[in-house]
There are 2 protein chains.
Amino acid sequence: MRLSSLADYAVVMMTAAARHCGGLARVNATGLAQETGVPLPTAQKLVSRLSSAGLIESTRGTGGGFRLSRPPATITLADIIEAVEGPIALTNCVDTSHQECALDGSCRVKPHWPVVNRAVRDALAGVTLTQLATQAPLPLAGGVGGGPVRSTPAFDIPSPNPSRKREGEQVL
Amino acid sequence: MRLSSLADYAVVMMTAAARHCGGLARVNATGLAQETGVPLPTAQKLVSRLSSAGLIESTRGTGGGFRLSRPPATITLADIIEAVEGPIALTNCVDTSHQECALDGSCRVKPHWPVVNRAVRDALAGVTLTQLATQAPLPLAGGVGGGPVRSTPAFDIPSPNPSRKREGEQVL
DNA sequence: GCCAATCGGAACGATATAGTCCGATTTGAG
DNA sequence: CTCAAATCGGACTATATCGTTCCGATTGGC
């Protein structure tokens, strides 16, 4: 349930690009890497992925670079993540139909996964680049709730989780 | 952005346990593995994780097994995922304080991650074992993204409804 | 026409994961 | 009370994906 580092870096780079020129001027991967701190080769790889996905327009040659293909308000977190990691799919059975897990027919929860997957994707699709470029972190008001300034409830489901033994992972 | 296979199997096993005895009787890992199709060693590993997290109560010795510690309506997908994978954290900077992100101070999107992370977690916390144990899934068979598919919250927890995201707005 | 800077893709290495095995503990029966 | 069986619990190994790096193709400027 963790985002890949590539996607994380892609979000940072896209946000930086949106903040810099609003997606109108061209910036190169080198300058953006120096600014954001992302390693240059990784930044180049991300630029390739993002351009392949159609999120940015790349210009080759001397003085080239890239710019956002769409206004920042129309680019969401889900777009960036899908551009880097592929389609958002919590399980294999949601993404491609040809992916068959061993459970297959006896899996009773398979019909439920698309619903959950869509809910998660909607949560990510509700965050736009414009929101991310803002300094003050808005309380997720713009797109996710559908409402104006709906304060997200604190989510108080009685799940005490008393004996949490594994805080991180099996770090030996 | 994909769920680990262990978490997927854990959800299947927990759902099967909830469907079988409603969390009242004891079942062993062997029988559940045979029923769900999960490999037995993997099922044993998952039982260990789930019992460590406090989701199930294990009884050792001959004729032992495990049963759900809480009613199925109070166990959510987020609980199961956190029991297997650890805390739900899209990025490293959200989870623990030991963020080793190279961007660190220059990261402008870091303040936004907790909000997004909570939104995703809420989406997972809104699905209970009772919902997953239901045969008839939520209305998805008709089509994804086409119409306003509304999930009927017939099995929701009596506690505050965890901010259901907008339903059926983004095409998958 | 030449050079230089950039994007694009491919290969290598590393980390984390998935799966499997064996041992310790406990309980029921004899 | 002893034995035996079944269970949980942790550790090891193999695999796969991810992250990083490097090199080539392309294009614009001079």
Side-chain angles (χ1 to χ4, degrees), chain A residues 1-10 12-13 17 26-34 37-67 69 81 83-86 89 91-92 95 99 101-103 163 165-166 168-172, chain B residues 1-10 12-13 26-34 37-67 81 83-86 89 91-92 95 100-103:
Chain A
M1 204 53 218
R2 204 191 323 178
L3 214 59
S4 66
S5 300
L6 273 303
D8 190 358
Y9 290 164
V12 173
M13 289 181 64
R26 281 190 298 271
V27 288
N28 54 8
T30 305
L32 215 59
Q34 290 181 357
V38 177
L40 179 58
T42 302
Q44 290 179 351
K45 186 185 208 39
L46 289 175
V47 167
S48 303
R49 298 274 183 111
L50 293 170
S51 68
S52 298
L55 292 182
I56 60 176
E57 293 281 347
S58 59
T59 306
R60 308 184 67 165
T62 307
F66 62 89
R67 64 174 185 86
S69 303
I81 293 172
V84 175
E85 297 189 350
T91 58
N92 294 345
D95 179 15
Q99 283 286 0
C101 63
L103 314 182
S163 69
K165 194 174 63 161
R166 268 168 218 290
E169 292 305 315
Q170 307 92 304
V171 53
L172 302 182
Chain B
M1 205 52 217
R2 205 193 322 178
L3 214 58
S4 65
S5 299
L6 272 303
D8 190 359
Y9 290 163
V12 174
M13 289 182 65
R26 282 189 299 271
V27 290
N28 54 9
T30 305
L32 214 59
Q34 291 180 355
V38 178
L40 178 58
T42 303
Q44 290 178 352
K45 187 189 225 5
L46 289 175
V47 167
S48 302
R49 299 272 183 117
L50 294 170
S51 69
S52 299
L55 292 182
I56 61 175
E57 293 280 346
S58 59
T59 305
R60 305 185 68 165
T62 308
F66 64 88
R67 65 174 185 85
I81 293 172
V84 176
E85 297 189 350
T91 59
N92 294 344
D95 177 16
E100 56 214 31
C101 186
L103 314 183

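What's counted below: heavy atoms across the whole structure, side chains too, no hydrogens, waters or symmetry copies. Every chain is numbered from 1 and lettered A, B, ... according to where its sequence line falls, protein lines coming before strand lines.
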Under 4.0 Å between a side-chain N/O of A:S58 and OP1 or OP2 of C:dG8, yes or no?
yes
Under 4.0 Å from OP1 or OP2 of D:dG19: is there any side-chain N or O of A:Y9 that close?
no
Provide, to the nearest angstrom, the distance between the [atom1] atom belonging to [X] and the [atom2] atom belonging to [N].
| X | N | atom1 | atom2 | answer |
| --- | --- | --- | --- | --- |
| B:K45 | C:dA16 | NZ | C1' | 13 Å |
| A:Q44 | D:dT20 | CD | P | 13 Å |
| A:L6 | D:dT20 | CG | P | 7 Å |
| B:L3 | D:dT17 | CG | P | 16 Å |
| A:Q34 | C:dT6 | CD | P | 10 Å |
| B:L50 | D:dC8 | CG | P | 11 Å |
| B:L46 | C:dA18 | CG | P | 10 Å |
| A:R26 | C:dC7 | CZ | C1' | 14 Å |

Closest to the A:T62 side chain: D:dC8, D:dG29, C:dC7?
D:dG29
Between C:dG9, D:dG19, C:dG8, which nucleotide has the shortest distance from any of its atoms to the side chain of A:V47?
C:dG8
For the residue pair B:A43 and B:A29, what are the closest heavy atoms and their distance?
CB-O, 4.3 Å
Compare every heavy atom of A:M1 with every heavy atom of B:E85, then report the nearest pair and how far apart it is.
OE1-N, 2.6 Å
Can you find a donor-acceptor pair, distance only, under 3.5 Å between A:R60 side chain and D:dA25 base?
yes
Could you pick out which residue, B:G65 or A:L40, lies toward the 5' side of DNA chain D when each is mapped onto its nearest nucleotide?
B:G65
Pick base, sugar-phosphate or nothing for [X], based on heavy-atom distances below 4.0 Å to the nucleic acid.
| X | value |
| --- | --- |
| A:S48 | base |
| A:T42 | base |
| B:S5 | sugar-phosphate |

Distance (rounded to the nearest 0.5 Å) between A:L32 CG and A:Q44 CD
12.0 Å
Double-helix bend of the helix from C:dG1-D:dC30 to C:dG30-D:dC1, axes at both ends from 5 pairs, round to 10°, gives 10°
B:V84 and side chain to side chain contact (heavy atoms under 4.5 Å, CB included): which single residue from B:L46, B:D8, B:L3 fits?
B:L46
Only one of A:V47, A:L50, A:I56 passes side chain to side chain contact (heavy atoms under 4.5 Å, CB included) with A:M13; say which it is.
A:V47
A side-chain contact here means heavy atoms from C-beta on lying under 4.5 Å apart; do A:R2 and B:N92 qualify?
yes
Report yes if some heavy atom in the side chain of B:V27 is under 4.5 Å from a heavy atom in the side chain of B:F66; otherwise report no.
yes
